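Here is the structure we will look at.
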Amino acid sequence: MWPCAFRAAFARPEHQRNSGFPMHRYRTHTCAQLRPDEVGNTVRISGWVHRIRDHGGVLFFDIRDHYGLTQCVIDPDSSAFGLAETIRAEWVVRIDGTLKARSADTVNADLPTGQVEIFIEEIEVLGAAGDLPMPVFGEQEYPEETRLKYRFLDLRRERLHNNIVTRSKIVAYLRARMAERGFSEFTTPVLTASSPEGARDFLVPSRIHAGRFYALPQAPQMFKQMLMVAGFDRYFQIAPCFRDEDPRHDRAGEFYQLDVEMSFVEQDEIFETFEPVIRGVFEEFGGNKRVTPKLERIPFATAIKKYGTDKPDLRNPIVMENVTSHFAGSGFGVFANQIAADDKVEVWAIPAPGGGSRAFCDRMNKWAQSEGQPGLGYIFYREGEGAGPIAKNIGTERTEALQTQLGLNVGDAVFFVCGLPGKFSPFAGSARTRVGTELKLIDTDRFALCWIVDFPMYEHNEEENRVEFSHNPFSMPQGGIKALEEKNPLEINAYQYDLVCNGYELASGAIRNHSVEIMRKAFDIAGYGPEVLEAEFGGMLRALDFGAPPHGGLAAGVERIVMLICGEHNLREVTAFPMNQQGEDLLLGAPGKATATQLRELHLKLNLPKA
RNA sequence: GGGGGUGUAGCUCAGUUUGGUUAGAGCGCCGGCCUGUCACGCCGGAGGUCGCGAGUUCGAGUCUCGUCACUCCCGCCA
C-alpha cells in the first residue's frame, strides 16, 4: 500500500522542511513530513485529494503529494466545511490548519504521518478535476490503452510513481559509480548516419539536402570508438538509442543504454571495472534479493549446451546433458533412426526434478505440440522403474543408465529432444525454462548474473548460403589476423560478451577491432569487399588509420535493469511515457501526419499503401 | 506478415458451454443518512447500440460469416 512504499522511498526529505519560515504560498510541509513534535502549529500543505471519507458530521481527506499522505479532518464548525463537501478525488488543493495529535485509538500505524492530522481551517482549490477515466487510488488493473492515454493519472499511482523514482535513482547511481571510476560522460549526435548492419533505422528526412536522410542512432557505437581514437580514454553515456522494430515486453523502439568504452584494456579489465557497478546497482536497489557475488564466465557454446540459450536464467537449476549414446542403436526408433542417419544428430536431456508424474509429462508434451514440435519424449521414475513409452522402448538397462548419468531419483522425470542441436537448442532452452517454472524450481529471491563469453565471430546464413557476422562486425577476432587467415571462419570466436541476469541480456560488448588490416580481412570473409567497406564505414576506417588505441566496452540496457529491480515484466512499467505495441504515443498522438508544407519542404511525396 | 486471447455500464468483470420475460455485481458517479474513519458504513438513483456489419432463427449478449480494435506470442530485433 501507499504509506509503506512512501515511507521507504521518501522519508522526510530534510531540504523540504520549512518549519519556522514565513508562510509559503503553497506549503510549509510536504505530505510526508508532519510528526507529533509539531502538534499545535499552524501548517499548510498542498496536494491531491487521494481519498475522501464522509461521515456527515466529520469529513476526512487524505492529501497526497510526491512524498506521502497526510490525513486532514474537518467538521461543521469550520468555515471551510461548505467548500469541503464539494471537493472530489484528485482535485489539487491547498489546506491550512492546526496540527493535532490523534487519540491513541485513531492512530494509523501504517502511515508515517499517522500519529497526527490537520484540522482544516481553510481550503483553496488549486486545480479541480473532472470525472476520472481511471482512479488513482487502489491497485486495480486498467487497460494499457487507457493507462497510456491518461498517463499523467497513471503516473500518479503508487506503483508506477515508485518505479519512475527508482529509475531516476538508478540512473543517478550509475552516473556516480562511473564517474568514480574515472569515466567522463559525453553526448553524441542523435541525428546521424544510417548503419547498414543490425536493426532497421528510424529515418529523418533532410530539408537542406533533398533526398537524403539522417538516421537515429541504434547505439552510439561509432562515436564512442571515435572518442577512444580521440584519446578520451574512458567514456560513458546514458545514451538514447532507437531501433525501428516491433516492440516487445523487454524491448522498445526507443530506449536508453549505459554505454561504456575504455582504451588500453583487455576483456578482463572491462569485466573487473563494470562488475562492481552492475552488482552494486542490484545490491543497492534490489531489496533483500541476493546478488551473485562473483560472476561466472560461461562460453557461448557451453551456455547453448547446458541451457539452450545465450541468455540463461541461472536461477533455474536445470542443466541439460547430451545423452545421445543411450539412444544410439536403441529400441526407440524415432531417435535411433535419426542418430543412425546423421552423425550430427544428438539427443539432449532436460532433467525435471520433482516432475515424475504422467500428468506433468503429458502437460509438457501438449505444450511442446502447441509450440509446433512433434512432441516431447520423456521418462518418469517411480518406485522400482522408469515409466513412459520411451522407457518401454529402450529397456531397463538404458533407462537406468540415463537415471545414473543425470542423477535422477524416484519422483523425477526427464525430457528429451532429438535432432540437429543448432536447430533444436532454442526449443530445448524454452522447455528447460518451462520445466523450471512449472515445477517452481526458480528461486525468485535473487539476481543471478553471469557473463557469456566467446561468441562466434561468424555464423552460417542458410537461406543465402554465406558466412556473415554473428554479432557486432567491429569485434576483435580471437587470434587476430592469423585466425582469420588460417581458421575455418565458423570456428573463430570474437572477444564478444554479454552480461545476463535472470534470463535477460542486460549488456553486450566487445573488445573492438582497432586494426585496419584485420578489419579488411574480417569484412572480406563476410563478403564485403574493400569498396563496400570504404563506402559504408569510411569514417571508421580513417579513424583507425590515424593511430587508434586498443579499446573495448559494453552497453547495458537501462530499462531492463530497472525492470528487474522493480520486479516488473514490461519495460512500459518503468518508462514514464512509453509507446504502445504499435509504436504510437497515445498521450500526444505520435506518429502524426505531416502538413503539405512540411512535406514540400522535405521534398517528400507520400506513397501510401492501398487501403 | 503469421498465430492465440479478449471485446458486455466511466473502470474491473459475471452472464456465451445448452439461444427464451425487464442483461447483473463490485468500484466510481448523483441524491439522502451518518462526528473518528483510514478499502468507512447504510439507503436510494442514474448510467448499456452487449466492438461494428451481415446472416440463421418465431426469438441472438449467446450460434455462423465478415470486419475493426485492443492484448500476448512468433517473424523482425542484441
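Remember, it's a predicted structure, so these values are computed and weren't measured experimentally. We name chains A, B, ... by the order of the sequence lines, and we start the count at 1 in each one.
- Across residues 92-100 of chain A, not one residue has a non-hydrogen atom less than 4.0 Å from an atom of RNA chain B.
- Evaluation of the ring pair (Phe, Tyr, Trp, His ring centres under 6.0 Å) rule for A/Phe427 yields A/Trp367 as partners, not counting sequence neighbours.
- The side chain to side chain donor-acceptor pair (under 3.5 Å) contacts involving residues 69-78 of chain A comprise A/Arg53-A/Gln71, A/Gln71-A/Glu117, where partners must be two or more places apart or lie in separate chains.
- A salt bridge (Lys or Arg N to Asp or Glu O under 4.0 Å) check over residues 569-578 of chain A, counting only residues at least two apart or in different chains, returns the pairs A/Glu144-A/Arg572, A/Arg147-A/Glu573.
- For A/Ala84, the side chain to side chain contact (heavy atoms under 4.5 Å, CB included) partners two or more places apart in sequence, or in a different chain, are A/Leu59, A/Phe61, A/Ile74, A/Ile123.
- In this view, A/Pro426 satisfies the side chain to side chain contact (heavy atoms under 4.5 Å, CB included) rule with no residue, not counting sequence neighbours.
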Encode nucleotides 42-48 of chain B as B, S and - characters from 5' to 3', where the letter depends on protein heavy atoms closer than 4.0 Å: B to the base, S only to sugar-phosphate, - to neither.
-> -------
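- Atom CD of A/Gln140 is separated from atom C1' of B/U12 by 4 Å (rounded to the nearest Å).
- With sequence neighbours excluded, the residues that form a ring pair (Phe, Tyr, Trp, His ring centres under 6.0 Å) with A/Phe300 are A/Phe455.
- Between B/A25 and B/G20, the two C1' atoms lie 23 Å apart (nearest whole Å).
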Could you list the protein-to-nucleotides 2-6 of chain B atom pairs, N/O on both sides, closer than 3.5 Å?
none

Starting at the 5' end of nucleotides 70-77 of chain B, put B wherever the base has a protein heavy atom under 4.0 Å, S where only the sugar-phosphate does, and a dash everywhere else.
-> SSBSBBBB
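- Applying the salt bridge (Lys or Arg N to Asp or Glu O under 4.0 Å) rule to A/Asp96 yields the partners A/Arg44, A/Arg94; only residues at least two apart in sequence or on another chain are considered.
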Output side-chain donor-acceptor pairs under 3.5 Å for residues 582-591 of chain A, partner residues at least two apart or in another chain, one line each.
from, atom 1, to, atom 2, distance (Å)
A/Glu584, OE1, A/Asn580, ND2, 3.0
A/Asp585, OD1, A/Leu587, N, 2.8
A/Asp585, OD1, A/Leu588, N, 3.2

